[in-house]
Amino acid sequence: MSGKQFVVIGLGRFGSSVAMTLYSLGCDVLAIDSSEERVQRISDSVTRAVQADATDEKVLRSLGVRNFDVAIIGTGTDIQTSLMVTLMVKELGVKTVVAKALNELHAKVLLKIGADRVIFPEKEAGIKLAHSLTSSNILDFIELSPEYNIVEIMALRDWIGKSLNELKLRQRFGLNIIAIKRENNIKITPSADDIIMEGDNLFIIASIDSINKLNNS
(Lines give C-alpha, C1' and ligand atoms only; values in the text may rest on other atoms or scores of the structure.)
Protein backbone atom coordinates (compact mmCIF):
# COMPACT_ATOMS: atom_id res chain seq x y z
CA MET A 1 0.00 0.00 0.00
CA SER A 2 1.38 3.43 -0.93
CA GLY A 3 -0.16 5.37 1.98
CA LYS A 4 -1.02 8.23 -0.37
CA GLN A 5 -4.44 9.80 -0.82
CA PHE A 6 -5.76 10.42 -4.33
CA VAL A 7 -8.55 12.55 -5.72
CA VAL A 8 -9.74 11.73 -9.23
CA ILE A 9 -11.78 14.42 -11.00
CA GLY A 10 -13.66 13.30 -14.11
CA LEU A 11 -14.90 9.73 -14.26
CA GLY A 12 -14.81 8.85 -17.92
CA ARG A 13 -13.00 5.72 -19.07
CA PHE A 14 -9.59 7.05 -18.09
CA GLY A 15 -10.57 8.55 -14.73
CA SER A 16 -12.62 5.54 -13.72
CA SER A 17 -9.77 3.21 -14.68
CA VAL A 18 -7.28 5.13 -12.53
CA ALA A 19 -9.67 5.49 -9.58
CA MET A 20 -10.68 1.83 -9.44
CA THR A 21 -7.13 0.56 -9.89
CA LEU A 22 -5.80 2.83 -7.14
CA TYR A 23 -8.57 1.65 -4.81
CA SER A 24 -7.82 -2.00 -5.65
CA LEU A 25 -4.22 -1.30 -4.60
CA GLY A 26 -5.44 -0.24 -1.16
CA CYS A 27 -5.33 3.53 -1.64
CA ASP A 28 -7.76 6.12 -0.28
CA VAL A 29 -9.57 7.48 -3.36
CA LEU A 30 -12.05 10.35 -3.65
CA ALA A 31 -13.79 10.32 -7.06
CA ILE A 32 -15.60 13.43 -8.35
CA ASP A 33 -17.80 13.94 -11.41
CA SER A 34 -20.75 16.13 -12.36
CA SER A 35 -22.62 13.08 -13.70
CA GLU A 36 -24.75 11.25 -11.14
CA GLU A 37 -24.72 8.16 -13.36
CA ARG A 38 -20.92 7.99 -13.44
CA VAL A 39 -20.67 8.57 -9.70
CA GLN A 40 -23.15 5.80 -8.94
CA ARG A 41 -21.38 3.43 -11.32
CA ILE A 42 -18.08 3.77 -9.47
CA SER A 43 -19.32 4.32 -5.91
CA ASP A 44 -18.65 0.74 -4.77
CA SER A 45 -15.16 0.73 -6.30
CA VAL A 46 -13.61 3.75 -4.52
CA THR A 47 -13.42 5.10 -0.98
CA ARG A 48 -15.88 7.92 -1.70
CA ALA A 49 -17.63 9.10 -4.86
CA VAL A 50 -19.22 12.55 -5.04
CA GLN A 51 -21.39 14.26 -7.62
CA ALA A 52 -20.10 17.83 -7.75
CA ASP A 53 -19.05 20.70 -9.99
CA ALA A 54 -15.27 20.56 -9.91
CA THR A 55 -15.03 23.97 -11.60
CA ASP A 56 -16.33 25.58 -8.38
CA GLU A 57 -13.40 26.33 -6.10
CA LYS A 58 -15.68 26.46 -3.05
CA VAL A 59 -16.82 22.89 -3.78
CA LEU A 60 -13.23 21.67 -4.05
CA ARG A 61 -12.38 23.37 -0.76
CA SER A 62 -15.40 21.85 0.98
CA LEU A 63 -14.36 18.39 -0.19
CA GLY A 64 -10.91 18.89 1.30
CA VAL A 65 -9.10 18.47 -2.01
CA ARG A 66 -6.12 20.42 -0.67
CA ASN A 67 -5.42 17.55 1.76
CA PHE A 68 -4.83 14.97 -0.97
CA ASP A 69 -1.34 13.96 -2.09
CA VAL A 70 -2.17 13.52 -5.77
CA ALA A 71 -4.94 14.87 -8.00
CA ILE A 72 -5.72 13.15 -11.30
CA ILE A 73 -7.67 15.38 -13.69
CA GLY A 74 -9.61 13.23 -16.15
CA THR A 75 -11.85 15.97 -17.58
CA GLY A 76 -10.20 16.08 -20.98
CA THR A 77 -13.08 16.45 -23.45
CA ASP A 78 -13.72 20.07 -22.40
CA ILE A 79 -10.31 21.70 -22.61
CA GLN A 80 -11.41 24.85 -20.78
CA THR A 81 -12.73 22.80 -17.85
CA SER A 82 -9.58 20.69 -17.83
CA LEU A 83 -7.35 23.77 -17.62
CA MET A 84 -9.53 25.45 -15.00
CA VAL A 85 -9.66 22.44 -12.68
CA THR A 86 -5.93 21.74 -13.08
CA LEU A 87 -5.09 25.33 -12.16
CA MET A 88 -7.44 25.36 -9.16
CA VAL A 89 -6.25 22.12 -7.56
CA LYS A 90 -2.64 23.24 -7.99
CA GLU A 91 -3.41 26.61 -6.37
CA LEU A 92 -5.24 24.82 -3.54
CA GLY A 93 -1.93 23.18 -2.68
CA VAL A 94 -2.11 19.65 -4.09
CA LYS A 95 1.53 18.65 -4.46
CA THR A 96 1.23 16.41 -7.52
CA VAL A 97 -1.28 17.07 -10.30
CA VAL A 98 -1.65 14.63 -13.19
CA ALA A 99 -3.90 15.69 -16.05
CA LYS A 100 -5.35 14.00 -19.13
CA ALA A 101 -4.70 15.76 -22.44
CA LEU A 102 -6.45 15.51 -25.80
CA ASN A 103 -3.46 16.51 -27.90
CA GLU A 104 0.08 17.89 -27.72
CA LEU A 105 -1.04 21.54 -27.55
CA HIS A 106 -3.43 20.77 -24.69
CA ALA A 107 -0.59 18.96 -22.93
CA LYS A 108 1.79 21.92 -23.31
CA VAL A 109 -0.74 24.32 -21.82
CA LEU A 110 -1.48 21.95 -18.92
CA LEU A 111 2.22 21.76 -18.09
CA LYS A 112 2.59 25.53 -18.30
CA ILE A 113 -0.22 26.15 -15.79
CA GLY A 114 1.14 23.71 -13.24
CA ALA A 115 0.37 20.10 -14.15
CA ASP A 116 3.25 17.90 -13.00
CA ARG A 117 2.51 15.13 -15.46
CA VAL A 118 0.32 14.74 -18.54
CA ILE A 119 -1.32 11.52 -19.72
CA PHE A 120 -3.07 10.85 -23.01
CA PRO A 121 -6.55 9.26 -22.83
CA GLU A 122 -6.09 5.50 -22.98
CA LYS A 123 -7.51 3.02 -20.51
CA GLU A 124 -4.18 1.18 -20.44
CA ALA A 125 -2.44 4.44 -19.54
CA GLY A 126 -4.80 4.80 -16.60
CA ILE A 127 -3.94 1.37 -15.22
CA LYS A 128 -0.24 1.92 -15.79
CA LEU A 129 -0.38 5.32 -14.09
CA ALA A 130 -2.11 3.93 -11.02
CA HIS A 131 0.59 1.29 -10.52
CA SER A 132 3.44 3.74 -11.09
CA LEU A 133 1.95 6.14 -8.54
CA THR A 134 1.63 3.54 -5.81
CA SER A 135 5.05 1.91 -6.05
CA SER A 136 8.39 3.63 -6.43
CA ASN A 137 9.89 0.29 -7.52
CA ILE A 138 7.73 -0.15 -10.62
CA LEU A 139 9.39 1.39 -13.68
CA ASP A 140 7.07 0.15 -16.41
CA PHE A 141 3.82 -1.78 -16.64
CA ILE A 142 2.32 -3.59 -19.64
CA GLU A 143 -1.09 -5.21 -19.41
CA LEU A 144 -1.01 -8.59 -21.18
CA SER A 145 -4.53 -9.58 -20.12
CA PRO A 146 -6.97 -8.78 -17.29
CA GLU A 147 -5.07 -11.37 -15.21
CA TYR A 148 -1.39 -11.01 -16.12
CA ASN A 149 1.07 -8.19 -16.71
CA ILE A 150 4.72 -7.63 -17.58
CA VAL A 151 6.32 -5.33 -15.02
CA GLU A 152 9.79 -3.80 -14.88
CA ILE A 153 10.89 -3.26 -11.29
CA MET A 154 14.02 -2.08 -9.54
CA ALA A 155 15.70 -4.75 -7.44
CA LEU A 156 14.78 -4.24 -3.80
CA ARG A 157 17.56 -3.45 -1.35
CA ASP A 158 17.27 -6.76 0.50
CA TRP A 159 17.54 -8.69 -2.78
CA ILE A 160 21.06 -7.41 -3.51
CA GLY A 161 23.73 -10.11 -3.34
CA LYS A 162 21.26 -12.99 -3.34
CA SER A 163 20.55 -15.54 -6.07
CA LEU A 164 17.10 -16.04 -7.59
CA ASN A 165 17.09 -19.44 -5.94
CA GLU A 166 17.65 -17.87 -2.51
CA LEU A 167 14.98 -15.20 -3.06
CA LYS A 168 12.32 -17.73 -4.14
CA LEU A 169 10.27 -14.94 -5.71
CA ARG A 170 7.92 -17.35 -7.46
CA GLN A 171 7.10 -19.22 -4.27
CA ARG A 172 6.83 -16.08 -2.08
CA PHE A 173 5.08 -13.67 -4.44
CA GLY A 174 4.09 -15.56 -7.58
CA LEU A 175 6.59 -13.58 -9.67
CA ASN A 176 8.11 -15.17 -12.77
CA ILE A 177 11.43 -13.54 -13.70
CA ILE A 178 11.85 -13.40 -17.48
CA ALA A 179 14.88 -11.09 -17.73
CA ILE A 180 17.46 -9.11 -15.76
CA LYS A 181 18.63 -5.73 -17.05
CA ARG A 182 22.10 -4.71 -15.88
CA GLU A 183 23.35 -1.38 -17.22
CA ASN A 184 22.98 -1.75 -21.01
CA ASN A 185 22.74 -5.53 -21.05
CA ILE A 186 19.65 -7.71 -20.72
CA LYS A 187 19.87 -11.37 -19.78
CA ILE A 188 16.84 -13.34 -20.96
CA THR A 189 15.54 -16.31 -18.90
CA PRO A 190 18.06 -16.00 -16.06
CA SER A 191 19.04 -19.13 -14.14
CA ALA A 192 18.32 -19.86 -10.48
CA ASP A 193 22.01 -19.23 -9.71
CA ASP A 194 22.06 -15.67 -11.09
CA ILE A 195 22.92 -13.11 -8.39
CA ILE A 196 20.98 -9.84 -8.12
CA MET A 197 23.29 -6.82 -8.10
CA GLU A 198 22.74 -3.22 -7.11
CA GLY A 199 21.17 -1.26 -9.98
CA ASP A 200 19.56 -4.33 -11.58
CA ASN A 201 16.07 -4.09 -13.03
CA LEU A 202 13.94 -7.22 -13.23
CA PHE A 203 11.31 -7.98 -15.85
CA ILE A 204 8.58 -10.16 -14.41
CA ILE A 205 5.28 -11.70 -15.45
CA ALA A 206 2.80 -11.47 -12.61
CA SER A 207 -0.85 -11.14 -11.71
CA ILE A 208 -2.25 -7.99 -10.08
CA ASP A 209 -2.54 -9.93 -6.82
CA SER A 210 1.14 -10.89 -6.99
CA ILE A 211 2.18 -7.28 -7.62
CA ASN A 212 0.04 -6.13 -4.69
CA LYS A 213 1.61 -8.80 -2.49
CA LEU A 214 5.09 -7.56 -3.41
CA ASN A 215 4.15 -3.90 -2.78
CA ASN A 216 2.77 -4.78 0.67
CA SER A 217 5.69 -6.98 1.70
Side-chain angles (χ1 to χ4, degrees), residues 1-6 8 13-29 31 42 45-47 69-70 72 74 95-96 98-100 116-217:
M1 187 180 298
S2 71
K4 293 181 180 179
Q5 292 184 311
F6 298 84
V8 179
R13 186 175 66 170
F14 172 79
S16 295
S17 171
V18 176
M20 290 188 293
T21 305
L22 286 169
Y23 184 71
S24 75
L25 293 169
C27 300
D28 184 11
V29 180
I42 202 175
S45 302
V46 294
T47 309
D69 301 296
V70 182
I72 297 100
K95 184 178 180 181
T96 303
V98 182
K100 184 183 84 168
D116 299 284
R117 185 172 174 183
V118 171
I119 299 293
F120 289 92
E122 300 174 359
K123 182 177 180 181
E124 291 76 16
I127 295 171
K128 180 177 178 179
L129 169 63
H131 282 273
S132 70
L133 289 171
T134 56
S135 175
S136 58
N137 293 313
I138 293 181
L139 303 175
D140 205 357
F141 182 96
I142 301 171
E143 186 179 19
L144 294 178
S145 71
E147 291 80 25
Y148 290 97
N149 314 276
I150 294 179
V151 184
E152 180 184 0
I153 63 172
M154 293 185 289
L156 302 185
R157 187 180 300 276
D158 59 0
W159 294 359
I160 307 303
K162 296 179 181 178
S163 69
L164 294 180
N165 184 51
E166 290 177 288
L167 292 173
K168 301 187 185 306
L169 299 179
R170 180 180 298 178
Q171 295 92 322
R172 292 167 59 198
F173 304 109
L175 307 179
N176 295 293
I177 311 299
I178 59 174
I180 297 175
K181 181 180 179 182
R182 184 169 297 158
E183 296 180 346
N184 295 323
N185 299 314
I186 296 180
K187 182 172 185 179
I188 306 297
T189 59
S191 70
D193 295 327
D194 278 314
I195 305 295
I196 302 300
M197 299 178 65
E198 187 171 357
D200 283 356
N201 292 343
L202 308 182
F203 292 85
I204 64 176
I205 294 180
S207 67
I208 293 295
D209 288 342
S210 296
I211 295 169
N212 291 344
K213 188 176 180 180
L214 175 64
N215 286 338
N216 293 324
S217 64

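A quick note: this is a predicted structure, and the numbers were derived from the prediction, not measured.
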* What residue pairs, at least two apart or across chains, pass salt bridge (charged side-chain N to carboxylate O under 4.0 Å, His left out) with a residue in residues 160-169? ->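 Of all non-adjacent pairs touching residues 160-169, none passes salt bridge (charged side-chain N to carboxylate O under 4.0 Å, His left out).
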* To do: Applying side chain to side chain contact (heavy atoms under 4.5 Å, CB included), run through W159 and I153 and close with a yes or a no.
  => CA-CA 12 Å; W159 294 359; I153 63 172; 3.8 Å; yes
* Is V18 close to I119 at the side-chain level, that is, under 4.5 Å between some pair of heavy atoms? ->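 They are not in contact (no side-chain heavy atoms under 4.5 Å apart), so the answer is no.
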* Going through the checks in order, is the side chain to side chain contact (heavy atoms under 4.5 Å, CB included) test met by L202 and L175? -> CA-CA 10 Å; L202 308 182; L175 307 179; over 6 Å; no
Apply side-chain contact (heavy atoms from CB on, under 4.5 Å) to [X] and list each qualifying residue two or more places apart in sequence or on a separate chain.
| X | value |
| --- | --- |
| A179 | I186, I188, F203 |
| T189 | none |
| I195 | S163 |

Atom [atom1] of [X] and atom [atom2] of [Y]: how far apart are they, to the nearest 0.5 Å?
| X | Y | atom1 | atom2 | result |
| --- | --- | --- | --- | --- |
| I180 | D194 | CD1 | CG | 5.0 Å |
| N176 | S207 | CG | OG | 9.5 Å |
| L169 | L167 | CG | CG | 5.0 Å |
| D28 | F6 | CG | CZ | 9.5 Å |

* To do: Looking only at non-hydrogen atoms, find the nearest pair between T47 and V29 and report the distance.
  =>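 Minimum heavy-atom separation between T47 and V29: OG1-N, 2.9 Å.
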* Between C27 and K4, which heavy-atom pair has the shortest distance, and what is it? ->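 The pair with the smallest heavy-atom distance is CB-O, 4.2 Å.
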* With sequence neighbours left out, write down each residue that passes side-chain hydrogen bond (donor to acceptor under 3.5 Å, both in side chains) with N165, or none if nothing qualifies. =>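 side-chain hydrogen bond (donor to acceptor under 3.5 Å, both in side chains) list for N165, sorted by chain: empty.
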* What residues form a salt bridge (charged side-chain N to carboxylate O under 4.0 Å, His left out) with D200, not counting sequence neighbours? ->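 Partners of D200 under the salt bridge (charged side-chain N to carboxylate O under 4.0 Å, His left out) test: R182.
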* Just by distance, with hydrogens left out, do T96 and D116 show a side-chain donor and acceptor under 3.5 Å apart? ->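 Side chains of T96 and D116: no pair found under 3.5 Å.
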* **Q171 CD: over 12 foreign heavy atoms closer than 6.0 Å** =>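 Buried by this count: over 12 neighbours within 6.0 Å.
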